[in-house]
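Labels below follow one simple rule: chain letters A, B, ... track the order of the sequence lines, proteins then strands, and each chain is numbered from 1. Here the structure is a predicted model, which means the values were calculated and not measured.
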Amino acid sequence: MRMAQAVIATGLPATTRRARRSWRGWGFVGPFMAVFGLVFLAPIAYSLYLSLFRQQLVGGNAFVGIENYQRALGDAQLWAAFGRVALFLAVQVPIMLGIALLVALAIDGGRLYGASFFRISIFLPYAVPAVVATLMWGFMYGTRFGLVGNIEDALGVALPDPLAPDLVLASIGNIVTWEFVGYNMLIFYSALRVIPTTLYEAAEIDGAGPWRVITAIKLPAIRGAMVVATIFSIIGSFQLFNEPAILQNLAPNAITTHFTPNMYAYSLSFSGQQYNYSATVALIMGLLTMVVAYVVQLRGMRKEA
Amino acid sequence: MTVIPRTLMRGVALAGAATLALAACSSGADEADDGGGDAAAGDTASVLEEGGDLLVWAWEPTLEQVVEDFEAEHPNVDVELANVGTGNDAYTALQNAIAAGSGVPDVAQIEYFALPQFAIGESLTELSDLGAADLEGTYTPGPWSAVHQGEGIYGLPMDSGPMALFYNTEVFERLRVAVPTTWDEYVEAARALHAADPEVYITSDTGDAGFTTSMIWQAGGKPYAVDGTDVAIDFTDEGSTKFAELWQQLVDEDLVSPVSGWSDEWYQGLGDGTIATLTIGAWMPANLESGVEAGAGKWRVAPMPQWEAGASATAENGGSSLTIPAASEKAELAYAFLEYANAGDGVQTRLDGGAFPATVAELESEEFVGKEFEYFGGQKVNEVLAQSAQDVVEGWQYLPFQVYANSIFNDTVGQAYVSDLTLAEGLADWAEASSTYGADQGFTMAD
């Protein structure tokens, strides 16, 4: 700040000012900027470029302007997929974060027997690759040879098929919750650990009970962590792909090729060779995700202030 | 061979390449130039001598032995055989690799229905100048026309898939049900089998595009009409309707096992008798022998059930070719492998492994037709299958974008297996979605 003022005060011509500027800072940000440009900005620019063209099996490549975007806005399959992940977000994320918060508070409360074992076993599913986890759950969901089938045989009851079209989204939600409760718990737990113990001592002196400590101290203190976890979960929900894509082999009719926006983009480009429209879909979804995540962040920060 | 100096070998290779270039020029000017073929053949030998690595993407099980023999015969060639998936999985992988421009195999197995899409997309090497033009008459007309796209040849036929009814005779004997010869009997048998043992289903089906189109083919339906880039899709013709109505009964009464083809459960079902029949292409014996050991001795083959008693109509189901992706830089070496596997010694090797040929000579040979299959209890399976090859209904066409159409089959027709939608309605949805895609891709779609 002081340097800037000094520069302004001297009022030297622009060329001289530039010559004096130190490039040392670029040495620090340069490597990051290079990688950022290469793996983030360049692909987005390329997708933007692609989205303005249309490559056809018959007729070749042509510039079409915003035609792909117009098509996307009226694409019922895309918006159905978007609605599906939005529903997933509205139901699964609160459940997952709620469980994660409960577990984190329980471990942090210090009254849990074997807290460290409990913590590691809750976290362990996150260490299982999503593909493996989904295959494992897929086998359990099987009504013929899977766990569901075994329960039906053992108890002589008819359970609903977890892979039927109207239940499969809930089944995927169950898998995702199982995978990510531990991860979110860890975010909450580490935020809880940095709360100064003096606050708890003060609360005790004031005669606050455990419940009051949670609502008055712990929850306000970890609001930042909760916003972060929520934003991660929003992004994760909109990008839902692995779990449905793998379960599709087991339930080909329940999970369509346009089940989630990402699956839709995948099938457009790799089954349909419609790379241009696929890039358009990806850009629109990226933009929507950013908007939703930004709104949540703004709201979260306003509450904090 | 090893005493020949490397420089000399290289010289031969160069000379070969030069003659090939000349041959390519001359064949453009004069189609009937025999010298072109000979020059290419001489070149093949030197390319094989030079050797190199070949990456082959295929799921055909009998190719393993072919690759071994090929490598033994040409020690300088190193072939890596990779199974990247069956059918649509393989095409997705192939399209990925082609789009990415790296990791593209030198040889890829592509089914006949999928070949037009890859050929139109200019993803495949045209094989006429490499020597495929000389193979006219080697293959039966169906597969040979299937590897043509316009004037070009884009693959060498590996096998063909005239359909037949594969059935587990042990199940039919145990439950005292007669093996069906017509589709009406098939539905009756489905009910009888499932009633006698609720674990047993006549077959499994969760919606399979290849099976459905082949069934419509046999019933005389012609839902696809393709003329250059003019395409019409219509699933309301008599043949399509016949199939939809028949199969609807099986779906409505839960008489087909909800197990997807080629899954672990499917192989298990074929082995333990819970899936009693398969109406499938003649390439199936090799897959049964390698994938369903528990079924050894139990399976038999009968002619495909008929729409009218006493008729003998059949259809092709699957069947594939070996192709050379355009991105491969070793087209000549790859072609040498193609020719060995699909026109040379490899054909007999694959027949011994249980594959079904597309070559005229093998289909007519007594050794082939008279072969007794231990897996099928000593039955001369090829008698049934070779007969089926002659009874294929003529005039069927696939879409020039059948791979994509098949990929959305479960989005549309598949819904009939899990909801109140009927198969006929599902087929109409499929036609509409396929039409939309065709129009997007620049084809002229009829209403």
Side-chain angles (χ1 to χ4, degrees), chain A residues 50 54-62 64 67-68 71 74-77 80-81 135 138-139 141-146 149 153 161 163-168 245-259 263-264 266-280, chain B residues 88-89 91-96 98-99 116-123 199 204 206-208 228-231 257-265 268-269 274 400-401 403-419 421 426 433 436-444:
Chain A
L50 277 182
R54 187 173 61 196
Q55 170 95 43
Q56 292 178 309
L57 272 171
V58 180
N61 203 8
V64 293
E67 217 171 272
N68 284 325
R71 177 181 162 192
D75 188 339
Q77 293 187 337
L135 283 174
F139 290 134
Y141 285 154
T143 48
R144 285 173 58 79
F145 301 113
D153 290 345
D161 179 4
L163 296 176
D166 44 356
L167 273 184
V168 76
I246 291 161
L247 284 182
Q248 197 179 31
N249 292 326
L250 299 171
N253 300 321
I255 298 174
T256 58
T257 58
H258 45 84
F259 191 73
M263 286 183 74
Y264 187 46
Y266 177 85
S267 113
L268 280 174
S269 69
F270 295 124
S271 304
Q273 292 175 289
Q274 295 173 304
Y275 304 109
N276 306 100
Y277 186 52
S278 176
T280 313
Chain B
N88 271 4
D89 290 342
Y91 306 139
T92 303
L94 188 59
Q95 272 162 359
N96 279 353
I98 289 170
Q117 177 159 337
F118 284 95
I120 287 178
E122 290 173 3
S123 304
E199 293 280 304
S204 79
T206 56
D208 182 294
T229 57
D230 291 332
V231 179
S257 165
V259 168
S260 302
W262 310 102
S263 65
D264 291 340
E265 289 191 342
Q268 211 172 325
T274 53
F401 45 88
V403 176
Y404 179 77
N406 286 3
S407 82
I408 58 167
F409 183 85
N410 289 92
D411 292 357
T412 51
V413 186
Q415 299 308 305
Y417 291 80
V418 290
S419 70
L421 196 82
T436 307
Y437 178 80
D440 270 348
Q441 290 296 333
F443 292 94
T444 311

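- Both the backbone and the side chain of B/Q117 come within contact range of chain A, each with at least one heavy atom under 4.5 Å from a heavy atom of that chain.
- Neither the backbone nor the side chain of A/D166 has a heavy atom closer than 4.5 Å to any heavy atom of chain B.
- Taking OG of B/S260 as the reference point, atom CG of A/N249 lies at 8.0 Å (rounded to 0.5 Å).
- At a 4.5 Å heavy-atom cutoff, B/A433 makes no contact with chain A through either its backbone or its side chain.
- For chain A, the nearby part of B/T229 is the side chain; its heavy atoms alone come within less than 4.5 Å.
- Annotation: side chain of B/Y437 is in contact with side chain of A/Q274 (closest heavy-atom distance under 4.5 Å).
- Across B/T206, B/V418, B/N410, the residue that shares the most heavy-atom pairs under 4.5 angstrom with chain A is B/N410.
- The heavy-atom pair separating A/T257 from B/S407 by the smallest distance is CG2-O, 3.4 Å.
- For the set B/T444, B/N96, B/V413, B/N406, the count of heavy-atom pairs under 4.5 angstrom toward chain A peaks at B/N96.
- If you take OG on A/S269 and CD on B/Q95, they are separated by 9.5 Å, rounding to the nearest 0.5 Å.
- One distance of note links CD of A/Q77 with CD1 of B/I408; it measures 8.0 Å at 0.5 Å rounding.
- With a 4.5 angstrom heavy-atom cutoff, A/Y275 touches chain B only via side-chain atoms.
- Among A/G272, A/G59, A/P165, the residue making the largest number of heavy-atom pairs under 4.5 Å with chain B is A/G272.
- Residue B/T274 touches chain A through its side chain alone, counting heavy-atom pairs closer than 4.5 Å.
- Of all heavy-atom pairs spanning B/Q415 and A/N253, the tightest one is NE2-O, 2.8 Å.
- In terms of the salt bridge (charged side-chain N to carboxylate O under 4.0 Å, His left out) criterion, residue partners of B/D440 (sequence neighbours excluded) are, by chain and number, A/R71.
- By the side chain to side chain contact (heavy atoms under 4.5 Å, CB included) test, B/S204 pairs with B/S257, B/V259, B/W266, B/I275, sequence neighbours left out.
- Both the backbone and the side chain of A/P252 come within less than 4.5 Å of a heavy atom in chain B.
- For A/Q55, the part lying under 4.5 angstrom from a heavy atom of chain B is the backbone only.
- Highest contact tally toward chain A, considering only B/F409, B/Y417, B/F443, is held by B/F443 [criterion: heavy-atom pairs under 4.5 Å].
- Side chain of B/Q441 to backbone of A/V58: no donor-acceptor contact under 3.5 angstrom is found.
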